[in-house]
Amino acid sequence: MVQTNGQFKQKSHQLWRDKSKKNQQRKPSKHIPWVDVEDDEPKTNLKRHGAMVNGDNPNRRKKPRHSYTNSSARESVQNDAPNQAGPSSPTSIQEQRKQLPIAQGREALVEEIRANDVTVLLGETGSGKTTQIPQYIFESGIAGTGVIAITQPRRVAATSLATRVALEQESPLGKLVGYSVRFDEKYNHDTRIKYMTDGMIVRELLADPNLSKYSVVIVDEAHERTLRTDLLLANLKKILKTRNGPVAPGAKGKNQSNPLKVVVMSATLDAEKFSAFFSGAKILYIQGRQHPVKIYHSAENQIDYVDSAMRTFFQIHIDRPLGDVLIFLPGQEDIESLQASIEHFAKRLPEGVPEVLTCAMYAAQDQRKNSQVFSAAPPNTRKCILATNIAETSITIPGVKYVIDTGKCKEKQFLARAAGGGLDTLLTRDITQSSAMQRCGRAGREGAGFCFRLYTDKSFKDMEVSAQPEIVRCSLASSILQLRCLDLHLEELDLMDAPDIDSIQSSLKTLWLLGAIDNTGKLTQAGREMAAFPLEPQYACAVVASKNYGCTSEVLDIVAVISASSKLYIDVAEQRESAAEVRRKFRHPTGDHMTTLNVVRAYREVTADKNVVSGPGTGNKEKSAKKEWCRKHFLNEQALSEANDIRKQLETVCERNNINHTLSTTSRTSQKDDDSKGYAEDEAILRSFGHGLAENSAFLQPDGSYKQTMGPSAVKIHPSSTMCEKKVPAIIYDELVYTNSIYARGVSYIPKGFFSSFAAFQQRKA
DNA sequence: GAGCACTGC
């Protein structure tokens, strides 16, 4: 596994390269034998209660296709997109609506939803359920005067769906049809169909625990089982009892006047579980529009999946008609290595074989490169896309006819019991059946396709049916804190899957150390303040603590970058050294947090410089100057501009909580009278973070290694950190991730005396 | 000595 680039390049010249030592004994066959399993479809466990709503073909009901995919939301939008160019005339949009597979079941669907409080809809890809169901409900009057909410796990889905549905309703976006996602909302008092992220509706729960303004809540992509979806489902079950429950004797039926309807939409196999959770709610099945995908399994499991993927690619390339190939791999490292191998061998193909164009797609790669997967291959060229799970749900790539599925992915898992404050693992593991079906569905978007699985049919059957819900694999600190604000306890909530008691206790301990709850487990005033921030409790705590050090402005800058969704630094293996060189000027001796602040300040100066020359067209100039500056420094502009949005949002939260966010170390007047307690700038900032990250701290040992202060583990500083190789008495870190070893990432020096004063601080509180 | 994917009044 430990390969430098040099070693790697050498190895890629050998056809049978050993990716890891454990593969040494294996004698790979030159040609992978494939087993055709088209007629041996996986058992889907679909015992459907109730109607198949568009059942013109009763056989389909017994034998659904493999290729459910779960992002029908985005799919239906994207599928329809090409048609939007010509038919902006209302009739053709209405024609399109009528032609969707779901349209013929419309009346049946509406009647079922009208008759039941809770309905579970199982819809295949391209059925149009996400765009049509809300409109059917609205048009049939089921929703009364209330708002129909449709939740989505991802922001882009919510906004693009709302755009499409507004078009179908022939109403400008933000009126009848609107959306609400972080940093962006378009809706008004007349909005009746509202697409929103699941995170947003969970936030709304805090202000309105009964979600009283919604008459219908549609939980889409429920099978993804995000933490927020699970919390929402639990709350919906509770709300149903209140709003739809029997009228209490003597009380006037106020609860009947505002009943709630819940529609749970899923694209995979666990419809029964949702049904059971809502006491046997009716399951309706909607047929999709998906081309057949022929599935091949390898006769043997391919242990060296990178090598097997390469051989499979060339088998396809040489034997099969043109059509792009999508290869699913677990991570960046494998993608970079496979891309190099494929490019190497593509140069040595015999005459007459088409050219190969490779492109890679993973979250850490910069957007411009990622977007290359969308451009069509030149004539007589086959495009080969190497992607992580990002291509499984989030993004749909056109032109794919062949999928190669390694059967692996990386998954983050929170181990509450390990290493003090918990430990995130990021390890390669086998995918699930529904993930495998999702991946193969990617080959059938535009026509019949082929899916090559680098594992046996038996391995497929041995896979978990669906992924573990997020709630059992994540830190719960943030959710517990939010629930405490509603006087709710996570452990008392009726959840579909309850998290481990260890996980709850570890999160409670974290919250106690942050001062968010007291010794009796009661929410503190500080805890209430922390909960107001859309931040991990650790960073909300740092912001709250910064009041006392007079550096809220700086802490907000750093926290905003840390909590942005994309990484600040662009990391390309071949350019690591030049990137480190050009970014050296940002380095701060205390480590990564202050270094981040330096980057933010420098970025802001680029903007300020360009503002000096004002006039028409300056905006674009400024934009391109920023872009160029980021490119030059291997910085991700998306991260910086998102951080800017987050900062603005955090400022408004500060204002509501009477936290002065303008308090800055640079605007201090007198040493004695300000809030900084006389600390130097960096020390004030790091002490603020120290409060949030006390659990994430380590002391230097005599042998030069670091050991956790609140846990048993030895930790290494991640090589990407500015603190790597440095020896300071104590460090704090943003996270601890176990990959090949336990690495601390986002590391800073913390003043020696901090922890003794912190301990005293804790005792005072207790 | 090296990073799966999402999200937040």
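Heavy-atom basis, side chains included; hydrogens, waters and symmetry copies ignored. Letters A, B, ... are given to chains in the order of the sequence lines, protein chains preceding strands, and every chain is numbered from 1.
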Revision key, fill the gap. Which of B:dA2, B:dA5, B:dC9 is nearest the side chain of A:I390? It is B:dA5
Practice item. Answer with base, sugar-phosphate or nothing: what part of the nucleic acid does A:A207 contact at a heavy-atom distance below 4.0 Å? Key: base
Study note, to complete from the structure: Among the nucleotides B:dG8, B:dG1, B:dG3, whichever has the atom closest to the side chain of A:P719 is B:dG1
Revision key, fill the gap. A:R429 CZ to B:dA5 C1', in whole Å, measures 14 Å
Check your understanding: Heavy atoms under 4.0 Å, any strand shown: does A:S180 hit a base, just sugar-phosphate, or nothing?
Key -> nothing
Check your understanding: Taking 4.0 angstrom as the limit, do A:R584 and A:E581 come out as a salt bridge?
Key -> yes
Review point. Among B:dC9, B:dA5, B:dT7, which nucleotide sits nearest the side chain of A:R228?
Key: B:dT7
Check your understanding: Under 4.0 Å: is that the gap between some side-chain N or O of A:Y743 and OP1 or OP2 of B:dG1?
Key -> no
Practice item. Using atom CG of A:D208 as one end and atom P of B:dC9 as the other, report the distance to the nearest whole Å. Key: 15 Å
**Study point:** Ring-ring centroid check A:Y569 A:H633, cutoff 6.0 Å
**Key:** no
Review point. What is the nucleic acid contact for A:L426, judged by heavy atoms within less than 4.0 Å: base, sugar-phosphate only, or nothing?
Key: base
Revision key, fill the gap. Of A:N389 and A:T197, the one whose nearest nucleotide on DNA chain B sits closer to the 5' end is A:N389
Study note, to complete from the structure: A:K567 NZ to B:dC4 C1', in whole Å, measures 10 Å
Practice item. Only counting residues at least two apart or in another chain, list the ones meeting ring-ring contact (aromatic ring centres under 6.0 Å, His included) with A:Y743. Key: A:H718
Review point. Between A:A363 and A:R182, which is nearer to the 5' end of DNA chain B once each is assigned its nearest nucleotide?
Key: A:A363
Review point. Does A:S459 reach the main-chain N or O of A:Y455 with its side chain, forming a donor-acceptor pair under 3.5 Å?
Key: no
Review point. Is the shortest side-chain N/O distance from A:Q649 to OP1 or OP2 of B:dG8 below 4.0 Å?
Key: no
Review point. Are A:K186 and A:Y179 in a cation-pi setup, meaning NZ or CZ lies under 6.0 angstrom from the ring centre and within 45 degrees of the ring axis?
Key: no
Point to revise | Selection from B:dC9, B:dA2, B:dC4 that lies nearest to any side-chain heavy atom of A:R656 | key: B:dC9
Review point. Hey, does the side-chain of A:S563 have a donor or acceptor N/O within less than 3.5 Å of a partner on the base of B:dG8?
Key: no
Check your understanding: For A:S748 and A:D592, does a side-chain donor sit closer than 3.5 Å to a side-chain acceptor?
Key -> no
Exercise for review: Have a look at A:Q332 and say if it touches a base, only the backbone sugar-phosphate, or nothing, with a 4.0 Å heavy-atom cut-off.
Suggested key: sugar-phosphate
Exercise for review: Report which part of the nucleic acid A:L535 touches: base, sugar-phosphate, or nothing (heavy-atom distance under 4.0 Å, all strands).
Suggested key: base
Check your understanding: Which part of the nucleic acid, if any, lies within contact of A:V181, taking any heavy atom under 4.0 Å across all strands shown: a base, the sugar-phosphate backbone alone, or nothing?
Key -> sugar-phosphate
Review point. Whole Å only: how far is the CD atom of A:E577 from the P atom of B:dA2?
Key: 15 Å
Practice item. Indicate, with a heavy-atom threshold strictly under 4.0 Å, whether A:L206 touches base, sugar-phosphate, or nothing. Key: base
Review point. Looking for any heavy atom pair under 4.0 Å, which part of the strands does A:K716 touch: base, sugar-phosphate only, or nothing?
Key: nothing
Review point. Under 4.0 Å between a side-chain N/O of A:T739 and OP1 or OP2 of B:dA2, yes or no?
Key: no
Check your understanding: In whole angstroms, how far is the C1' atom of B:dG3 from the CG atom of A:L736?
Key -> 15 Å
Check your understanding: CZ of A:F328 versus C1' of B:dC4: gap in Å, rounded?
Key -> 13 Å
Exercise for review: Tell me what A:F183 touches on the nucleic acid: a base, only sugar-phosphate, or nothing, going by heavy atoms under 4.0 Å.
Suggested key: nothing
Exercise for review: For the side chain of A:E470, starting at C-beta, report the closest nucleotide among B:dC4, B:dA5, B:dG3.
Suggested key: B:dA5
Check your understanding: Is the phosphate of B:dA5, meaning OP1 or OP2, less than 4.0 Å from a side-chain N or O of A:T388?
Key -> yes
